[in-house]
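Right, one structure below, let's go through it.
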Amino acid sequence: MAIAGNSQVQDLLVVGGGVNGCGIARDAAGRGLAVTLVEKGDLAGATSSASTKLIHGGLRYLEHREFRLVREALIEREVLLRAAPHIIWPLRFVLPHHKGLRPWPVLRLGLFLYDHLGGRRILPPTRSLDLRRDPAGAPLQPHYRRGFEYSDCWVEDARLVVLNARDAADHGAAVLTRMRCLAARREDGLWRATLRDEASGATREVAARAMVNAAGPWVAEMLGAAGQNAPARVRLVKGSHIVTRRLWSHDRSYIFQNADGRVCFAIPYEEDFTLIGTTDEEFAGDPAGVAITEGETAYLCRAVSDYVRQPVTPADVVWSYAGVRPLYDDGASRAQEATRDYVLTLDAPAGQAPLLSVFGGKITTYRRLAEAAMARLAPHFPGLPGAWTAGARLPGGDFPWDGAPRLVAELRARYPFLDPALARRLVRQYGTRAGAVLGDADGMAALGEAFGAGLTAREVEWQRREEWVRSAEDLLWRRSKLGLRIDAAGRAALQRHLAGAMPAAGRAAE
Ligand SMILES: Cc1cc2nc3c(=O)[nH]c(=O)nc-3n(C[C@H](O)[C@H](O)[C@H](O)COP(=O)(O)OP(=O)(O)OC[C@H]3O[C@@H](n4cnc5c(N)ncnc54)[C@H](O)[C@@H]3O)c2cc1C
């Protein structure tokens with residue numbers, strides 16, 4: 001193993017700053033490896049900010065008999081909930097029953113399996129609902145009379161990525177954003193990769209004992225850039241979401257089965273909104289240009305309107321996003337049937353530096369994927385310490401899984417000038433580090449320029465120093481969802497602020 005911090009030869013070069021690349025970088029750095037991670041755009045700039053944001057076993061994967069994946073994912077729900085209770089929390093899902101679904105006893109059995117397959121300690125079990133009496137029935141059309149309610153978890157997907165990057169950096173990794181890996185070649189038992197700074201155009205070379213290709217939708221392109229010519233088994237499947245104003249007042253979510261057999265989630269979102277998704281369509285073309293189509297918007301509106309009393313129309317959509325799942329191509333005929341499990345391939349010719357490539361996977365299983373990746377690479381790093389992330393907290397997550405309300409109260413006691421909504425947001429974003437963001441402030445004015453929705457210069461500076469924020473977009477749509485609340489004038493002011501030089505204080509981002 002190299003000595004961490006040795007800038008000459010890295011142990012591991014990770015290409016891709018999505019959840020899988022950042023998860024692997026964190027795991028490797030925590031075991032003492034010298035790690036460099038490069039991301040060509042922003043952290044979570046691709047698939048990892050475009051998910052449905054569920055830490056879930058995947059109820060419908062049971063139908064596809066993906067028992068290994070479902071079990072691992074179900075176990076992972078509570079592991080991750082304990083590791084990052086600021087950005088992950090329990091959710092209850094209401095499944096309204098109707099004649100088009102599987103019979104009641106079959107669904108009941110499926111949910112029984114879901115409850116028991118993955119060692120559930122915190123999350124409450126499934127129960128039956130009388131939708132004529134339960135408040136969850138109120139937003140639904142009156143012919144929905146009964147249903148089930150089961151547990152899964154919510155995750156702020158893009159923040160999960162940045163917290164993994166932060167933890168990797170805290171363990172000594174170099175995390176370089178806006179840094180593209182152009183090409184890599186094997187030489188003298190090492191990888192030599194050419195990197196290009198996307199802001200300045202400058203190139204540099206880095207040498208590493210092993211390389212991880214976690215380029216998500218670009219995994220095949222990256223294999224080509226590393227001189228691997230075998231066809232990559234990746235299948236790109238697009239999924240889009242829409243966001244409307246909040247459609248109901250209770251805090252539970254719905255899972256609706258559509259006429260085409262797919263499911264659609266409708267989830268309370270960012271306090272004042274509802275998130276609806278997703279679609280499942282084969283995708284060809286440049287993943288960077290993926291966008292929702294009018295057809296998908298209409299499909300999602302229809303999917304929800306089949307269930308709720310007040311129809312949802314495209315005019316109700318206030319925001320939307322789309323992403324591409326980089327699935328492992330298992331030869332399934334339909335996009336929705338392609339496996340969601342992950343596959344790791346290791347190319348390690350004798351005497352040459354290994355290349356590990358990541359296909360597929362879920363946000364939910366990223367930590368297990370990272371452990372599996374390290375297990376595959378371990379023979380190349382004799383003496384490598386064992387797995388460590390199962391019981392470890394992510395930055396700001398060192399408090400009990402249900403302790404957020406208490407943290408909010410403590411924050412407001414320390415900073416009485418914070419209004420309750422801002423205190424809640426800061427705790428949800430930074431957990432136990434919220435106080436470090438605010439520092440010695442004794443009033444809102446002390447936090448500097450205000451951009452709207454409680455965002456101030458002090459928080460922006462934290463984001464630049466600690467979370468690799470470079471542009472307004474990074475902050476408004478990935479480190480937070482303040483883009484839903486901050487108006488054009490606030491966005492322009494933020495952009496101007498970010499164009500200014502970063503104050504000298506604080507640690508460097510790389
Ligand atoms: C619509 C949709 C809904 C989903 N919902 C869920 C869900 O609810 N729960 C769940 O668990 N999972 C969900 N997923 C799956 C999950 O989002 C993905 O499995 C996961 O985000 C993939 O992460 P990744 O790191 O492999 O890829 P990405 O997040 O795409 O990261 C790859 C990164 O590599 C970078 N990169 C590429 N090439 C280079 C290069 N040459 N140099 C430098 N950087 C490079 C890219 O810019 C990108 O940021 C969903 C996916 C989609 C699309």
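Numbers here are sequence positions counted from 1. Whatever order the structure lists ligands and atoms in, that order sets their numbers, starting from 1.
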Protein contact to atom 14 (N) of ligand 1 [nearest heavy atom, distance to 0.1 Å]: Ser51 CB, 3.8 Å

Identity and separation of the nearest protein heavy atom to atom 38 (N) of ligand 1: Ala215 CB, 3.5 Å

salt_bridge(Asp330, Arg340) N-O dist < 4.0 Å: no

Atom indices of ligand 1, in the order listed, that fall short of 4.0 Å to a heavy atom of Gly239: 1 (C)

Shortest protein heavy-atom distance from atom 51 (C) of ligand 1, along with the residue and atom involved: Arg325 CG, 3.6 Å

Under-4.0 Å salt bridge between Arg245 and Asp272: no

Which pairs of donor and acceptor atoms, one on a side chain in residues 212-225, lie under 3.5 Å apart (sequence neighbours left out)?
{"from": "Asn213", "atom 1": "OD1", "to": "Ala215", "atom 2": "N", "distance (Å)": "3.3"}
{"from": "Asn213", "atom 1": "ND2", "to": "Val219", "atom 2": "O", "distance (Å)": "3.0"}

Nearest-neighbour protein heavy atom for atom 24 (P) of ligand 1, which is reported as residue plus atom name and distance: Asn20 ND2, 3.6 Å

Nearest protein heavy atom with distance in Å, relative to atom 35 (C) of ligand 1: Glu39 OE1, 3.2 Å

Parallel, tilted or perpendicular: rings of Tyr430 and Trp462 (30°, 60°): perpendicular

Test of proximity, Lys40 against ligand 1: N or O pairs below 3.5 Å: yes

NZ or CZ of Arg77 within 45° of Tyr114 ring axis and under 6.0 Å: yes

For Lys53, the ligand 1 atoms whose distance to one of its heavy atoms is below 4.0 Å: 8 (O)

Pair Glu63 + Arg102: basic N to acidic O under 4.0 Å: yes

Ligand-residue contact atoms, ligand 1 with Val15, heavy atoms, under 4.0 Å: 39 (C), 40 (C), 42 (N), 43 (C)

Contacting atoms of ligand 1, where contact means under 4.0 angstrom from a heavy atom of Met179: 43 (C)

Proximal atoms of ligand 1 relative to Gly361 (non-hydrogen, under 4.0 Å): 19 (O)

Ion pair Asp280/Arg325, N-O distance below 4.0 Å: yes

For atom 7 (C) of ligand 1, the protein heavy atom that lies nearest, with its residue and separation: Leu54 O, 3.6 Å

Closest approach of any protein heavy atom to atom 21 (O) of ligand 1, naming residue and atom: Ser48 OG, 2.9 Å

NZ or CZ of Arg376 within 45° of Tyr342 ring axis and under 6.0 Å: no

